[in-house]
Amino acid sequence: MNMAAVKTDEVQKEESMILQKAMISSNYDALSTAHEEGKKISSTFVPGNLNELLMCFDFVRNLPEINALQAGMRKKSGGYIMEAERSGHSEDVCTYVKSDLGMMAKGQVGPNGKPLPTPDLLLLSYTGCFTFMKWFELVRDEYGCEAAMLHVPYQADGVITDNMRNFVVTQLKEHIIPTLERVSGIKFDIDRLREYLTQSAKAEDNLVKVLQSAKNKPSPIDAYFGGVYYCGPIFTAFRGSEQTTAYYEALWKEVGDRIEKGLGPVTPEGTLKEERIRLVVEGPPNWTHFRDFWKMFYDEGVVVVASSYTKVGGVYDFGFRHDPEHPLETLADYCLGCYTNRNLPSRVDMLCTYMDEYQADGFLVNSIKSCNSFAAGQLLMLREIEERTGKPAGFIETDLVDPRYFSPANVKNRLESYFQMIEQKNARSADRTAA
Ligand code: SF4
């Protein structure tokens, strides 16, 4: 794969962004034809997904959050959410859930314009968000299909103990794998799992190099807006495949090239010329106005150098890799280590480390109105991080896929005042250093 910045419809995109888009749409095509081809479909969530294990049973993988995200980017989620609210779901319910339910009510047409078939299995790996459980309870009734649940203990004390790991492994052996065998009709082959895990670890190595490239000045990537494209394949239906390993090798080569040339990130309007502010961002982005939101940052020379959201499908930058030598234990550790499964002090430590190692000028929270899993405790985190790092923190509120909760003028105003405050602070410290 030869990756370079290319222009499509007047929007600049890195080739990697186009490739990941093609991978995601190929998965929708695979879903559309799965049943005709005699394949089974599993639905599963991004955090704690057991993609390599599902691949061992030839399941085609459907990820409901990605369907909602795609609906948001395609401006369809607003209508789906209204539909779900009309049938009684409250305004406070996670909008990914309502987008999914609304999509089902309106004929279950996927982002490729073709019907999304009913899954054969709902595989819930429970990693810290209670909504996941309620979401699958609702769709299980609609689909009338089987659900299997992997209970993952919360990291309340910020550590993974042997007991916690064994608890997950036992469920994999005694409940999850037998269910996958029965539904798929395919016998489990642990060597097949080892092969996929080997591919995962290679891709994870390169993903980490890409994310950590943002320690350079200027950063060659935007680790939030660009980061969501980079994480796309590994967070969804592709982790463990050779195609994904090749994608991350090529992506790292592309980013390495940008470092050598001293280039900044590619934005939809071309390469960023001047990096003025470096930020760490907590919380998912808004999808309904994704490009307008990003523009509010790059227009001001603001680059996100690290974010918690690009860890939601796996925290790899502190050393964890899928380990083919311990196939089931490594799946357990992956689930236990998910960002949403970590307690607040661990999240704060992680974000403070980013602030320091990535030499950030500020910390910004994009609080998502309907995502309690991320939003709970964010103000507390903000105060703690501000105090520990001495860097200014900012707070905005938007939503994932409900367009009613993205107020462009309001968000822009708040961001501009925040960026101004950072620049003033930076100027004062530069003066002090010069004096
Ligand atoms: S509440 Fe947040 S983490 Fe949970 S399903 Fe909704 S968006 Fe995902």
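All ligand and atom numbering here is 1-based and tracks the order in the structure. For reference, positions follow the sequence shown, starting with 1. Since we're looking at a predicted model, the values are computed, not measured.
Under 2.8 Å from atom 6 (Fe) of ligand 1, one finds the following protein N/O/S atoms: Cys94 SG.
For the 3.5 Å distance criterion, the side chains of His322 and Glu204 qualify, holding a donor opposite an acceptor. Side-chain polar atoms of Ser367 and Gln378 form a donor-acceptor pair below 3.5 angstrom. Asn112 and Ser25 share no side-chain donor-acceptor pair at under 3.5 Å. Side-chain contact of Arg192 with Tyr196: a donor-acceptor pair under 3.5 Å is present, judged by distance alone.
With sequence neighbours excluded, no residue forms a ring-ring contact (aromatic ring centres under 6.0 Å, His included) with Phe238.
Atom CG of Asp157 is surrounded by 12 or fewer heavy atoms from other residues, nucleotides or ligands within 6.0 Å.
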